[in-house]
S.K.: 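Quick one: this structure, given as structure tokens, is what I'll be asking you about.
The basis for the numbers below is simple: all heavy atoms, side chains too, and nothing from hydrogens, waters or symmetry mates.
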Amino acid sequence: MSSSHQRKPSWLHKKVFYGMEDNNIRQIIRSTNTDTICQLSKCPNRGECFTNGEMTFLILGRKCTRNCLFCSTNIDNEDSVYTHGDEIKNILALIKKIKLKYILITSVCRDDLPDFGSGLFIQLVNSIREDFQDIRIELLIPDFNGDMDILRKICDLPIDMLSHNFDTVARLHNTIKPNSDFRNSFNILKAIKEYKPNLPIKTGIK
């Protein structure tokens with residue numbers, strides 16, 4: 001039996017923009033030795049975001065201490081103590097060169113560090129706010145192993161949005177994110193809302 005091919009509806013189509021500005025910004029990213037999710041994940045929306053002055057930074061290196069099946073970040077559980085000493089300086093330079101208006105900062109999981117990498121989030125946000133008062137800042141944080149003291153420090157930062165992703169539904173969580181806990185992520189979002197009720201929060205499921 002033959003099957004007819006059905007075209008996708010018009011609202012599913014999106015024009016991908018890669019212009020001269022996109023090429024110039026990619027060169028600037030490389031020149032500042034900065035990691036962005038826009039580049040590492042080959043995001044098809046990056047041209048549009050760059051044009052709007054938006055960018056997503058990846059901090060604390062590219063080596064993750066978790067082994068989530070949906071993620072293509074390099075996994076190295078034995079040699080994961082990597083922190084780029086110039087990350088703050090490089091990101092500040094990039095913000096200035098491109099005149100960014102909205103940035104999202106995220107990271108790999110760093111269970112090997114005493115503070116799970118939270119210290120760099122704090123230093124980076126405060127450094128950005130010192131130099132760029134009008135920029136909007138969103139954080140997409142790991143679970144910090146459920147440490148509520150760390151979470152409160154993150155909530156107290158001068159940010160505009162705080163995100164923490166479930167990534168998958170509870171039924172599949174142990175399979176797709178074997179080193180994380182669904183209930184822990186739920187408690188993190190609940191604690192954020194209770195501690196900072198006026199701070200916008202969001203989550204994502206892939």
S.K.: What residues, two or more places apart in sequence or in another chain, satisfy side-chain contact (heavy atoms from CB on, under 4.5 Å) together with Lys101?
M.R.: none
S.K.: Would you say Tyr195 and Ile192 are hydrophobically clustered, going by side-chain heavy atoms of ILVMFWY under 4.5 Å?
M.R.: no
S.K.: Are Leu139 and Ile88 linked, directly or through intermediate hydrophobic residues, by side-chain heavy-atom contacts shorter than 4.5 Å (ILVMFWY only)?
M.R.: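 They do share one cluster, since a chain of ILVMFWY contacts under 4.5 Å joins Ile88 to Leu139.
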S.K.: Given Lys97, which partner from the list Ile25, Thr32, Asn24 fulfils the side-chain contact (heavy atoms from CB on, under 4.5 Å) test?
M.R.: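 Of Ile25, Thr32, Asn24, side-chain contact (heavy atoms from CB on, under 4.5 Å) with Lys97 is met by Thr32 alone.
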S.K.: Who pairs with Thr56 by side-chain hydrogen bond (donor to acceptor under 3.5 Å, both in side chains), at least two apart in sequence or on another chain?
M.R.: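 Checked Thr56 against side-chain hydrogen bond (donor to acceptor under 3.5 Å, both in side chains); zero matches.
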S.K.: Can you run down the side chain to side chain donor-acceptor pair (under 3.5 Å) pairs that involve residues 114-124, sequence neighbours left out, and say none if there aren't any?
M.R.: none
S.K.: Any sub-3.5 Å donor-acceptor pair from Asp143's side-chain atoms to Ser185's backbone N or O?
M.R.: no
S.K.: Look at the side-chain heavy atoms of Ile, Leu, Val, Met, Phe, Trp and Tyr, link any pair under 4.5 Å apart, and say whether Met148 and Ile154 land in one connected group.
M.R.: yes
S.K.: Are the side chain of Ser107 and the backbone N or O of Ile59 linked by a donor-acceptor pair below 3.5 Å?
M.R.: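 Looks like no, no N/O pair under 3.5 Å.
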S.K.: In Å and rounded to the nearest 0.5 Å, what is the CD1 to CD1 distance from Ile201 to Ile188?
M.R.: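 Answer for the CD1-CD1 pair, Ile201 versus Ile188, is 11.0 Å.
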S.K.: I'd like to know if the side chain of Ser31 and the backbone of Ile29 have a donor-acceptor N/O pair within less than 3.5 Å.
M.R.: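 No.
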S.K.: Is there a path from Ile91 to Leu140 through hydrophobic residues (I, L, V, M, F, W, Y) whose side chains come within less than 4.5 Å of each other?
M.R.: no
S.K.: Residues two or more places apart in sequence or in another chain: which of them pass side-chain contact (heavy atoms from CB on, under 4.5 Å) with Asp149?
M.R.: Asp147, Arg152
S.K.: Under the rule for side-chain contact (heavy atoms from CB on, under 4.5 Å), what residues qualify as partners of Arg129, not counting sequence neighbours?
M.R.: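 Here the qualifying residues are Ile135, Ile137, Pro158, Asp160.
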S.K.: Taking side-chain contact (heavy atoms from CB on, under 4.5 Å) as the test, write out the residues that go with Glu138, two or more places apart.
M.R.: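 Per chain and number, Glu138 pairs via side-chain contact (heavy atoms from CB on, under 4.5 Å) with Tyr102, Leu104, Met161, Ser163, Lys202.
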S.K.: Rounded to the nearest 0.5 Å, what's the gap from CG on Leu92 to CD1 on Ile128? Could you check?
M.R.: 6.0 Å
S.K.: Residues two or more places apart in sequence or in another chain: which of them pass side-chain hydrogen bond (donor to acceptor under 3.5 Å, both in side chains) with Thr36?
M.R.: none
S.K.: Which residue pairs pass the salt bridge (Lys or Arg N to Asp or Glu O under 4.0 Å) test when at least one of the two sits in residues 186-198, sequence neighbours left out?
M.R.: Asp156-Lys196, Lys190-Glu194
